[in-house]
Amino acid sequence: MRYSIYCKEKTVASHNRSQQPDKKRPASGAHKDFSRTTRTDIKDFATEPSPMAGKTSLQPKPVAHDRATGGKATGKPQPARESESSSDSGTESSVRLNKAIAASGLCSRRKADEFILAGRVAVNGVPEINPGRQVQPHDAIAVDGRLLTGAQNFCYLMLYKPVQVVCTVSDPEGRPTVMDYLPQDARKLRLYPVGRLDYFSEGLLLLTNDGQLAQRLTHPRHHQPKIYEVFVRGAVPGAALTAMRRGMALAEGEKLMPVEVDARHLENGTLMRMVLHQGINRQIRRMCRDFGLTILRLKRIAQGPLELGRLAPGAARHLTTAEVTALKKSVDI
C-alpha cells in the first residue's frame, strides 16, 4: 500500500515538471537578445546600432547652450568661454598664490607657503591661508601689510667677490657688502646672494631675485659641486690628502663627504684644487685647520655649470641665456 502511494506521487511530480517550460533552451524564435535591446533611458549611450537606425550617426549630437541665444540649443558645439572655464581650472593668466609671491622676488615658494599658513598674507585685503589659491595679475597681494609688486623680470648676476667683503645686503658694522659692487641698474632690484663666501674668501658668487632658483641651489638635495683653488703655506702631507679624499670628520664631530683634491707644489707653498659636494660652513678652512695648514688664499672658481673665467675682482656680469638654462636644469627647474 505504501509503495503504491509513493509511485503515484513520483508520477505526478514528473508530469508537473514536464509541463513547465525549459528556461535553458527556449523555443526557436522565442529567445530575445537583451544585449541588443536599446532602452529609452540609455539610448544616448548605446554602442550597437538599432535596426531602424538606417544611415543616422551612432554618436549622439552635441547640444551647446549659448548665452547669446538665451540658452537655446544651437545644433553644433560651441567653444567654452574663458569666463565659464575659469571657475573650474582658472584662466591662463592665473597662478598659485605661493608662486605669485615667489615671482615678486620676495622669497622662495617654500618660504611663501610659510608666510601664507602663518596668516601673514592677504589678497585684496582679505587674509588668505591657502597656498594653492589662484590669483590674477590684477589681484593685490600683501605680506605683513606691505603690498607686493607684480611678477618682475628675473635677474641673474655673477660677481667676483673680493676679499674683505661680506655676503649680505647690509652690514651693521659698516663693512663693504657685495651690493656695493653691483651695476647701478641691478641695485634697484631685490637681489640676494645665493650661498656664502666668508669675509677673507673671494671668487664666484651668484646673486638673483629668482626665489625658487635660490631655494633649489641652497637646498641639500640639489647641492651642486663647487670648485676652489686653495693656496696654503708649505707642503701638504700625503696623509692629509688621503684623509680628505676618503672623507674625514672635523674636530667638532661633523662628518664630511670625500673631497676631490689635487695638489701642486709651488715655490712658496702648495696650490690645491678642491671639489666640494656639500655645504658645511667654512668647510675648507676647518679642514686645513685640523691638519695644521695655513691658508693664504681661498678662491671659488666654479659652481655647478658656472665658471668664473676671466672676470676681474669686484666685477659683475649678467648670466647668459645658456648659463641660466643650464643652471635651472641642474636643479630640475
Side-chain angles (χ1 to χ4, degrees), residues 98-99 101-115 151-171 175-183 185-229 257 274-285 298-309 311-333:
N98 57 358
K99 183 177 181 180
I101 295 176
S104 71
L106 178 66
C107 58
S108 66
R109 288 193 193 184
R110 177 174 297 182
K111 196 66 177 179
D113 287 340
E114 296 178 6
F115 290 161
Q152 57 188 11
N153 293 328
F154 290 136
C155 179
Y156 308 90
L157 286 180
M158 179 191 296
L159 170 70
Y160 186 141
K161 174 196 166 306
V163 295
Q164 299 185 6
V165 173
V166 293
C167 291
T168 56
V169 176
S170 61
D171 182 62
R175 295 173 295 180
T177 72
V178 293
M179 307 304 292
D180 299 328
Y181 292 86
L182 300 185
D185 60 336
R187 295 187 185 185
K188 301 177 182 179
L189 305 176
R190 290 194 293 266
L191 299 181
Y192 296 92
V194 180
R196 291 286 186 270
L197 281 172
D198 63 52
Y199 188 65
F200 290 104
S201 298
E202 60 185 299
L204 189 157
L205 182 68
L206 177 66
L207 297 100
T208 184
N209 54 2
D210 187 338
Q212 181 184 19
L213 177 61
Q215 189 272 334
R216 291 286 184 95
L217 290 172
T218 54
H219 194 279
R221 177 182 177 185
H222 302 281
H223 194 77
Q224 297 183 317
K226 298 181 178 66
I227 304 177
Y228 298 84
E229 288 182 350
M257 295 174 60
M274 307 178 70
V275 182
L276 273 61
H277 297 275
Q278 62 186 143
I280 302 297
N281 185 37
R282 297 173 61 88
Q283 178 176 340
I284 294 178
R285 292 191 181 276
L298 196 161
K299 176 182 176 182
R300 181 192 291 165
I301 61 173
Q303 175 179 345
L306 303 180
E307 295 183 359
L308 185 62
L311 197 63
R317 69 171 179 85
H318 292 272
L319 297 187
T320 65
T321 302
E323 287 175 327
V324 174
T325 301
L327 193 61
K328 290 183 176 182
K329 184 178 180 180
S330 68
V331 291
D332 300 328
I333 295 180

Nearest-0.5 Å distance, [atom1] of residue [X] to [atom2] of residue [Y]:
X: Leu159; Y: Leu191; atom1: CG; atom2: CG; value: 11.0 Å
X: Leu311; Y: Ile301; atom1: CG; atom2: CD1; value: 13.5 Å
X: Tyr199; Y: Gln164; atom1: OH; atom2: CD; value: 4.5 Å
X: Leu207; Y: Met158; atom1: CG; atom2: CE; value: 11.0 Å
X: Leu306; Y: Lys226; atom1: CG; atom2: NZ; value: 11.0 Å

**OP:** May I have all residue pairs that pass salt bridge (charged side-chain N to carboxylate O under 4.0 Å, His left out) and include part of residues 312-322, sequence neighbours excluded?
**Re:** Arg317-Glu323
Original post:
Which pairs pass salt bridge (charged side-chain N to carboxylate O under 4.0 Å, His left out) with one or both residues in residues 196-213, sequence neighbours excluded?
Top reply: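 Applying salt bridge (charged side-chain N to carboxylate O under 4.0 Å, His left out) to every pair that reaches into residues 196-213, excluding sequence neighbours, yields Asp198-Arg282, Asp198-Arg285, Glu202-Arg297.
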Original post:
Under the 3.5 angstrom rule, does the side chain of Thr208 hit a backbone N or O of Cys155 as a donor-acceptor pair?
Top reply: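 Yes: the side chain of Thr208 pairs with the backbone of Cys155.
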Subject >> Whether Arg187 side chain and Asp180 backbone form a donor-acceptor pair below 3.5 Å >> reply: yes
Which atoms form the tightest heavy-atom contact between [X] and [Y], and what is the distance?
X: Ala302; Y: Leu204; result: CA-CD1, 4.2 Å
X: Gly203; Y: Lys299; result: CA-CG, 4.3 Å
X: Leu205; Y: Pro193; result: CD2-CB, 4.2 Å
X: Pro162; Y: Pro313; result: CG-C, 4.5 Å

Not counting sequence neighbours, which residues clear side chain to side chain contact (heavy atoms under 4.5 Å, CB included) with [X]? List them please.
X: Pro225; value: Val275, His277
X: Ala112; value: Asn98, Ile101, Cys107
X: Asp171; value: Val166, Thr168, Glu173, Arg175, Thr177
X: Gln283; value: Leu256, Val259, Leu276, Gln278, Ile280, Met287

Please tabulate, for the side chains in residues 325-333, all donor-acceptor contacts under 3.5 angstrom to protein atoms that are two or more places apart in sequence or on a different chain.
{"residue": "Thr325", "atom": "OG1", "partner": "Thr321", "partner atom": "O", "Å": "2.9"}
{"residue": "Lys328", "atom": "NZ", "partner": "Tyr156", "partner atom": "OH", "Å": "3.4"}
{"residue": "Ser330", "atom": "OG", "partner": "Gln224", "partner atom": "NE2", "Å": "2.4"}
{"residue": "Ser330", "atom": "OG", "partner": "Leu327", "partner atom": "O", "Å": "2.5"}

Less than 4.5 Å apart, any side-chain heavy atom of [X] and any of [Y]?
X: Phe200; Y: Leu298; value: no
X: Leu206; Y: Leu319; value: yes
X: Met274; Y: Ile227; value: no

Original post:
Under the side-chain hydrogen bond (donor to acceptor under 3.5 Å, both in side chains) test, which residues partner Tyr228, sequence neighbours left out?
Top reply: Arg300
Original post:
For Glu307, which residues count as a salt bridge (charged side-chain N to carboxylate O under 4.0 Å, His left out) partner, sequence neighbours excluded?
Top reply: none
Original post:
With sequence neighbours left out, what residues match Lys111 under salt bridge (charged side-chain N to carboxylate O under 4.0 Å, His left out)?
Top reply: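 Listed in chain order: Glu114.
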